Protein chains: 2
Amino acid sequence: MHATTATESLTRSVEDYLKAIYRLSPEGRPASTSDIAHLLELSAPSVSGMVKRLSELGLLEHIPYKGVQLTDSGRRAALRMVRRHRLIEVYLVQFLGYPWDAVHVEAERLEHAVSDTLVERMAAALGHPAVDPHGDPIPEADGSIREPACTPLSELDVGDTVEILRVDEREPERLRYLASLGLIPGAVVRVEDRQPFGGPVTVEAAGARQVLGQELAHVVLCGAEGVR
Amino acid sequence: MHATTATESLTRSVEDYLKAIYRLSPEGRPASTSDIAHLLELSAPSVSGMVKRLSELGLLEHIPYKGVQLTDSGRRAALRMVRRHRLIEVYLVQFLGYPWDAVHVEAERLEHAVSDTLVERMAAALGHPAVDPHGDPIPEADGSIREPACTPLSELDVGDTVEILRVDEREPERLRYLASLGLIPGAVVRVEDRQPFGGPVTVEAAGARQVLGQELAHVVLCGAEGVR
DNA sequence: TCTCATGATTAGGCAACCCTAATTCGGGAT
DNA sequence: ATCCCGAATTAGGGTTGCCTAATCATGAGA
Ligand SMILES: [Mn+2]
Ligand SMILES: [Mn+2]
Ligand SMILES: [Mn+2]
Ligand SMILES: [Mn+2]
């Protein structure tokens, strides 16, 4: 097992592929070509081609017609990018006054351009934050990460009172809308009503009642434990 | 004269070429293929090829076997990159504790990844500085720039007392060495001795006498006016 | 005017990434 | 056991941007 640590420097494309694949395989379950293509907004043949290259680089394992799985080396590289991305997001919010809906696009480019030194200086300046502006946990420099259990707002029961931990959304307009309702990480909400068959959820947040469609309720992730 | 303002987004390579050509043509005098190749550490044929593409993009004018000259559009794009580069350098020094010898490499990558918004936020956070850590003037957002006249330390006369305005050097080791002698922008030095035929220059800086070889004395640029 | 060194360009290739069109594979339904 | 559909891969192409080797233009000096 030759520890392929000398990964030199990966291209922007490669780094984004690894990040996408990491995102698509929570427990190392294989990710499909079409899922990757969809997430990265690329054609399936492009993904097939890149997958071949990545497996030759030892960054993932590919079982044709089955899917891909990151190797240790690939997962390490992916987590490095996730750390960069999320730390950059926090930095932009804390030190440069960015709103939470604008940081993703900026970080998506910067993550490939910063040096390890710069990332760690930002982390230090921020006091080594644990989560990014959307509540996503920031991997440690050593590659460890702790994903707290959470439940979509859309799956809670009426009467539940929970803290919002994460908001799994990238579209600026949706993020702004959610923030305008007070639905941001750290907020405590109570489920007031929930209609069946994908109907809307009514919550109390920031002292006001909000009705939320299924689509949005699905991206608001709440602490598994109820708040007393 | 169709004002090619909609330059879309240039590639990293294109941006670095424009910056290099700008640097090589102080008063719009044409830059040669080999000078560009040397500055960017590329082969001459690579430059020839890129020059063709850039002139097709309307970013420069090429007279074969003569040289290239930036168009207005090209100069605007180049100055935009210079502004980014220098502001990033200042930001890294002021807010992230970078030493002046380390900022160039970092900025060389970041300049291509930051958005206009981010650059301007950094500029505002810095209070819109006029010069970068090496004393190089930062172009305004509108593309204007004022290059103060300056003279290399190697060309001053014995007895001259001047302020160091700029240090035109990128190699970290040389920059650290110069800083260790107190030869940084803002410092006032007096020329104590100067040997002929490319010999060393002796200066008094920070209360100590320093002997400086021609090569280094050439990159230390001083105010044209003597300091009383 | 002719020669020739030097610098520039052209010729020909390669690697990274992307695409569309054509083909092939795998597994569920008949 | 076959058929077929959808997913995946292969075939074939294009762009960017770099390279080395070969050719060519320019102008200084003979
Ligand atoms: Mn990215
Ligand atoms: Mn985020
Ligand atoms: Mn650069
Ligand atoms: Mn500088």
Side-chain angles (χ1 to χ4, degrees), chain A residues 4 6-21 24-25 29-70 73-74 77-78 81 108-109 111-113, chain B residues 4 7-21 24-25 29-70 74 77-78 81 108-109 111-113:
Chain A
T4 315
T7 316
E8 249 303 327
S9 75
L10 306 173
T11 66
R12 175 178 176 167
S13 274
V14 167
E15 289 174 340
D16 280 337
Y17 269 91
L18 293 176
K19 214 157 44 102
I21 294 164
L24 289 171
S25 21
R29 213 180 303 94
S32 75
T33 298
S34 51
D35 284 350
I36 301 168
H38 186 257
L39 186 58
L40 293 177
E41 300 184 275
L42 297 173
S43 71
S46 297
V47 174
S48 272
M50 179 61 92
V51 157
K52 188 175 309 168
R53 249 174 295 155
L54 294 182
S55 71
E56 277 158 11
L57 286 173
L59 294 166
L60 52 77
E61 219 125 357
H62 180 214
I63 305 174
Y65 294 97
K66 284 294 186 171
V68 300
Q69 228 169 318
L70 293 177
S73 163
M81 296 312 295
E108 196 58 55
R109 273 175 289 107
E111 63 189 0
H112 311 287
Chain B
T4 314
T7 316
E8 251 298 332
S9 73
L10 306 173
T11 66
R12 177 181 175 166
S13 273
V14 167
E15 290 174 339
D16 280 338
Y17 269 92
L18 294 176
K19 212 157 45 99
I21 294 164
L24 289 172
S25 19
R29 215 180 302 95
S32 75
T33 298
S34 52
D35 284 351
I36 301 168
H38 186 256
L39 187 57
L40 294 176
E41 298 185 275
L42 296 172
S43 71
S46 298
V47 174
S48 272
M50 179 62 92
V51 158
K52 189 176 309 169
R53 250 176 293 157
L54 294 183
S55 72
E56 277 157 10
L57 286 173
L59 294 167
L60 52 78
E61 220 126 355
H62 180 213
I63 305 176
Y65 292 97
K66 286 293 185 170
V68 299
Q69 227 169 318
L70 293 177
M81 296 313 294
E108 197 57 54
R109 273 174 289 105
E111 64 189 0
H112 312 286

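Letters go in sequence order (proteins before strands), and every chain restarts at 1. The basis for the numbers below is simple: all heavy atoms, side chains too, and nothing from hydrogens, waters or symmetry mates. Just so you know, these numbers come straight off a predicted model, no measurement behind them.
Between B/S32 and C/dG7, a side-chain N or O to OP1/OP2 separation shorter than 4.0 Å is absent. Proximity of B/T11 to the phosphate of D/dG17: a side-chain N or O atom is located under 4.0 Å from OP1 or OP2. A/H62 has no side-chain polar atom (N or O) that falls below the 4.0 Å cut-off from OP1 or OP2 of D/dA8. Put simply, B/S13 has no side-chain N or O that comes within less than 4.0 Å of OP1 or OP2 on D/dT16. Checking the phosphate oxygens (OP1, OP2) of D/dT10, no side-chain nitrogen or oxygen of A/Y65 falls inside 4.0 Å.
Scanning residues 38-49 of chain B for heavy-atom distances under 4.0 Å to DNA chain C yields B/A44, B/P45, B/S48.
The shortest side-chain heavy-atom distance between B/L10 and B/L18 falls under the 4.5 Å cut-off. Using a 4.5 Å heavy-atom cutoff, the side chains of A/E56 and A/K52 are in contact. With a 4.5 Å cut-off on side-chain heavy atoms, A/M81 and A/D16 do not count as touching.
More than 12 heavy-atom neighbours from other residues, nucleotides or ligands sit within 6.0 angstrom of CD on B/E108. Other residues, nucleotides and ligands contribute at most 12 non-hydrogen atoms within 6.0 Å of the CD atom of B/E61.
Atom CG of A/L10 and atom P of C/dA15 are 18 Å apart (whole Å). Rounded to whole Å, atom C1' of C/dA15 lies 12 Å from atom CE of A/M50. Put simply, NZ on B/K52 is 14 Å from C1' on D/dT16, counting in whole angstrom units. For A/H112 and C/dC17, the NE2 to P distance is 12 Å, given to the nearest whole Å. With rounding to whole Å, B/L57 atom CG is found 13 Å from D/dT15 atom P. Rounding to whole angstrom units, CD1 of residue B/I36 and C1' of C/dG7 are separated by 13 Å. One atom, CZ of B/R12, and another, P of D/dC18, lie 10 Å apart when rounded to the nearest Å. Straight-line distance from the CD1 atom of B/I63 to the C1' atom of C/dT9: 16 Å, rounded to whole Å.
Nearest-nucleotide positions on DNA chain C place A/R53 closer to the 5' end than the other of A/R53 and A/K66.
For the side-chain contact (heavy atoms from CB on, under 4.5 Å) with A/Y17, the lone residue among A/L39, A/L59, A/V47, A/T11 that qualifies is A/V47.
Distance check, rounded to the nearest 0.5 Å: NE2 of A/H112 to OG of A/S13 gives 8.5 Å.
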